[in-house]
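Inspection log for the structure reproduced underneath, given as structure tokens.
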Amino acid sequence: MTTDLGLALPFGQASPEVTEFRSRVRALVADRVVPLVPGAESDRKFPVEAVGALGLAGLFRERWSQGQHGDLGRSVVIAEEFGRAALGGVGVGVGLHLEAAVPLLRGFARTEYARKVFDHAMDGRYVCCVATSEREAGSNLAEIGTKLSREGAAWRLRGTKWFVSPGGAADVVIVLCRTTEGPALVLVPREGVRVVKRLETMGMRGLETCRLAFDTEIPDEAILVRPGMALHAIGSALIYERLSTAALMLGALDLALLVTATHLRRRKQFGVPLYEHQALRLRLADLIARTALARRGVHATVAEFSAAGVVNMCEVAGVKVTVARLAEHVASECAHLFGGHGYVEDETRFPQLLRDIRVGRVGGGTDEMMWELAAKGMRTDDALYDRWVRS
């Protein structure tokens with residue numbers, strides 16, 4: 001059974017199943033995760049308790065309970081509620097555990113050790129993350145330098161990974177590496193990881209993004225994806241991360257727009273509420289309409305994929321880059337409608353929102369990478385061209 005998100009709140013009448021699930025997620029996040037955010041932001045440490053609380057509540061197993069892609073509808077609802085709760089880096093960290101690491105474990109865990117990691121990740125007993133990026137490789141994962149080589153009866157992993165989130169808090173890191181037979185994915189427990197540096201990121205301060213180094217023995221049972229198949233596996237998992245990212249940003253925009261609309265009703269200028277000034281009212285109406293349309297697009301895309309059982313990587317890339325760019329614009333405009341208060345850290349939370357939203361255009365694939373993928377899905381029609389164009 002799939003979740004029909006075409007009618008999901010807040011822009012339509014949701015099914016009882018969606019309403020019940022959303023209410024449960026919202027209450028759980030408010031009670032168990034939101035209180036962890038201020039400390040995570042100030043300390044720049046990812047709170048592992050967030051993963052533990054949501055896993056213990058069964059949320060992760062509900063998300064991945066059925067079919068090849070699990071329940072994509074539940075994935076979107078979870079991410080939207082993370083955004084609406086202003087979890088920032090904490091929400092992204094949980095999302096990376098759930099939508100980047102877990103699908104790799106779910107799809108490829110074959111050994112007893114890998115299945116144990118998967119079960120612990122699903123129950124929130126382990127925090128897991130994926131390490132792919134490197135200083136020289138960037139988005140070109142085929143050029144990675146981290147190497148897995150045979151040394152006696154075991155393997156040896158050596159290399160350094162950049163921008164690993166939440167790298168400093170992970171119990172197990174899924175590392176993309178190269179072998180003589182092609183790229184592979186291996187499981188590295190915390191004791192095999194050295195934190196080189198906790199990065200001072202502009203936003204997502206509770207995400208604990210790190211640079212990690214590896215020089216450790218890897219047993220056969222810790223090889224998650226055999227050489228030659230890793231890039232395909234990573235590409236498949238990125239689909240879920242990108243959909244989740246889009247939904248999280250839309251949830252955050254719901255929050256921003258609601259706060260801004262309330263501000264326009266309550267704040268007075270020249271003797272009347274700001275809402276009475278046409279330029280401000282119409283600007284906000286435009287932002288609300290565009291965000292609503294983007295949400296319906298995400299929901300319809302997920303509903304279509306759920307019904308068909310097939311996810312189109314090119315379409316997901318287009319969705320992610322479109323929402324990421326819209327989110328940056330809407331968040332900036334909302335901050336602007338607060339005037340100077342929108343840029344003062346101790347008066348509103350818009351500065352944090354602006355910092356956090358910006359990473360959406362980089363995480364899970366840059367705008368340029370997403371456009372390249374979207375371009376691969378372009379349709380052409382020679383017959384139509386010939387009718388329209390005189391050569």
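Side-chain atoms are counted along with the backbone in the values below, which use heavy atoms only and exclude waters and symmetry mates. Since we're looking at a predicted model, the values are computed, not measured.
- Checked for salt-bridge contact, R158 and E151 meet the test: a charged N lies under 4.0 Å from a carboxylate O.
- With 3.5 Å as the limit, one finds a donor-acceptor pair spanning the side chains of S75 and E99.
- Note that the CZ atom of R63 and the CG atom of D71 stand 7.0 Å from one another [nearest 0.5 Å].
- Between E112 and R115 there is no salt bridge, since no side-chain N of the basic residue sits under 4.0 Å from a carboxylate O of the acidic one.
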Go through the steps for K376 and M313 under the test side-chain contact (heavy atoms from CB on, under 4.5 Å), then give the verdict. CA-CA 10 Å; K376 292 180 180 179; M313 182 182 295; over 6 Å; no

Go through it in stages, so that I can follow the logic: the residues are Y343 and H336, the test is ring-ring contact (aromatic ring centres under 6.0 Å, His included), and I'd like the CA-CA distance, side-chain angles, deciding distance and then a yes or no. CA-CA 8 Å; Y343 299 90; H336 182 79; 7.3 Å; no

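- Across all their heavy atoms, R198 and C210 have their closest contact at CG-SG, 3.6 Å.
- Without hydrogens or angle criteria, T19 side chain to S15 main chain gives a donor-acceptor distance under 3.5 Å.
- The distance between the ring centers of H97 and F60 falls below 6.0 angstrom.
- Inspection of the H299 and E304 side chains reveals no N or O donor paired with an N or O acceptor under 3.5 Å.
- Under the 4.5 Å side-chain criterion, counting only non-hydrogen atoms from C-beta, D215 is in contact with R156.
- Across every non-hydrogen atom of T179 and A184, the tightest pair is CG2-CB, 4.1 Å.
- In this structure, the side chains of P189 and Y113 come closer than 4.5 Å at one or more pairs of heavy atoms.
- Heavy atoms only, all atoms of each residue included: V225 and A233 are closest at CG2-CB, 4.2 Å.
- Using a 4.5 Å heavy-atom cutoff, the side chains of T209 and M204 are not in contact.
- R26 CZ: more than 12 foreign heavy atoms inside a 6.0 Å radius.
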side-chain contact (heavy atoms from CB on, under 4.5 Å) between E241 and L238, intermediate numbers included: CA-CA 5 Å; E241 180 184 340; L238 278 169; 3.4 Å; yes

Could you go step by step and tell me if F163 and L199 meet the side-chain contact (heavy atoms from CB on, under 4.5 Å) rule? CA-CA 8 Å; F163 310 121; L199 303 176; 3.6 Å; yes

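- To the nearest 0.5 Å, atoms CZ (R295) and CG (L326) are separated by 10.0 Å.
- Screening R110, R226, R150 against D220 for a salt bridge (Lys or Arg N to Asp or Glu O under 4.0 Å) leaves a single residue, R150.
- Counting only residues at least two apart or in different chains, salt bridge (charged side-chain N to carboxylate O under 4.0 Å, His left out) contacts with residues 276-287 comprise R283-E333, D286-R290.
- Using a 4.0 Å cut-off between a side-chain N of Lys or Arg and a carboxylate O of Asp or Glu, D171 and R125 do not qualify as a salt bridge.
- In this structure, the side chains of T146 and L176 stay at 4.5 Å or more apart for every pair of heavy atoms.
- Counting non-hydrogen atoms of other residues, nucleotides and ligands closer than 6.0 Å to CD of E372 gives a total of 12 or fewer.
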Begin with the C-alpha distance, continue with both residues' side-chain angles, and end with the deciding distance and a verdict on ring-ring contact (aromatic ring centres under 6.0 Å, His included) for W64 and Y240. CA-CA 11 Å; W64 287 105; Y240 310 118; 5.1 Å; yes

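- In this structure, F270 and H277 have perpendicular ring planes: the angle between them is above 60°, well past the 30° mark.
- Checked for salt-bridge contact, R106 and D119 miss the test: no charged N lies under 4.0 Å from a carboxylate O.
- The side-chain heavy atoms of V34 and V90, taken from C-beta on, include no pair separated by under 4.5 Å.
- Using a 4.5 Å heavy-atom threshold, the side chains of L212 and V173 count as touching.
- W155 is not listed as a side-chain neighbour of V186, based on a closest heavy-atom distance of 4.5 Å or more.
- The two residues P103 and A237 come nearest to each other via the heavy atoms CG-CB, 4.3 Å.
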Report the C-alpha distance between E368 and R361 in whole Å, list the side-chain angles of each, state the deciding distance to 0.1 Å, and finish with yes or no for salt bridge (charged side-chain N to carboxylate O under 4.0 Å, His left out). CA-CA 9 Å; E368 292 74 19; R361 291 181 56 190; 5.6 Å; no

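- Taking the ring centre of W162 as origin, the terminal cationic atom of R135 falls outside the region bounded by 6.0 Å and 45° from the ring axis.
- Annotation for H232: atom NE2 does not count as buried by contact number, only 12 or fewer foreign heavy atoms lying within 6.0 Å.
- Shown here for D356 and G88, the closest heavy-atom pair between the two residues is OD2-CA, 3.5 Å.
- Remark: R74 is positioned above the aromatic ring of F21, its terminal NZ or CZ atom under 6.0 angstrom from the ring centre and at most 45 degrees off the axis.
- The shortest distance between side-chain heavy atoms of L287 and H329 falls below 4.5 Å.
- Under a hydrophobic clustering in which Ile, Leu, Val, Met, Phe, Trp and Tyr are joined whenever their side-chain heavy atoms come within less than 4.5 Å, directly or via other members, V359 and L243 fall into the same cluster.
- For T348 (side chain) and H341 (main-chain N/O), a donor-acceptor pair under 3.5 Å exists by modelled atom type.
- Although no hydrogens or angles enter the test, the distance criterion places a donor-acceptor pair under 3.5 Å between the side chain of K320 and the main chain of G365.
- In terms of heavy atoms, A213 sits closest to V196 at CB-CG2, 3.5 Å.
- With ring centers used as reference points, F305 lies 6.0 Å or more from H69.
- A side-chain hydrogen bond (donor to acceptor under 3.5 Å, both in side chains) check over residues 42-54, counting only residues at least two apart or in different chains, returns the pairs R44-E200.
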Under the criterion side-chain contact (heavy atoms from CB on, under 4.5 Å), I'd like the reasoning laid out for F82 against L54: C-alpha separation, chi angles, the key distance, then a yes or no. CA-CA 12 Å; F82 284 179; L54 300 180; 3.6 Å; yes

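- Formation of a donor-acceptor pair under 3.5 Å by the R190 side chain with backbone atoms of A170 is found in this model.
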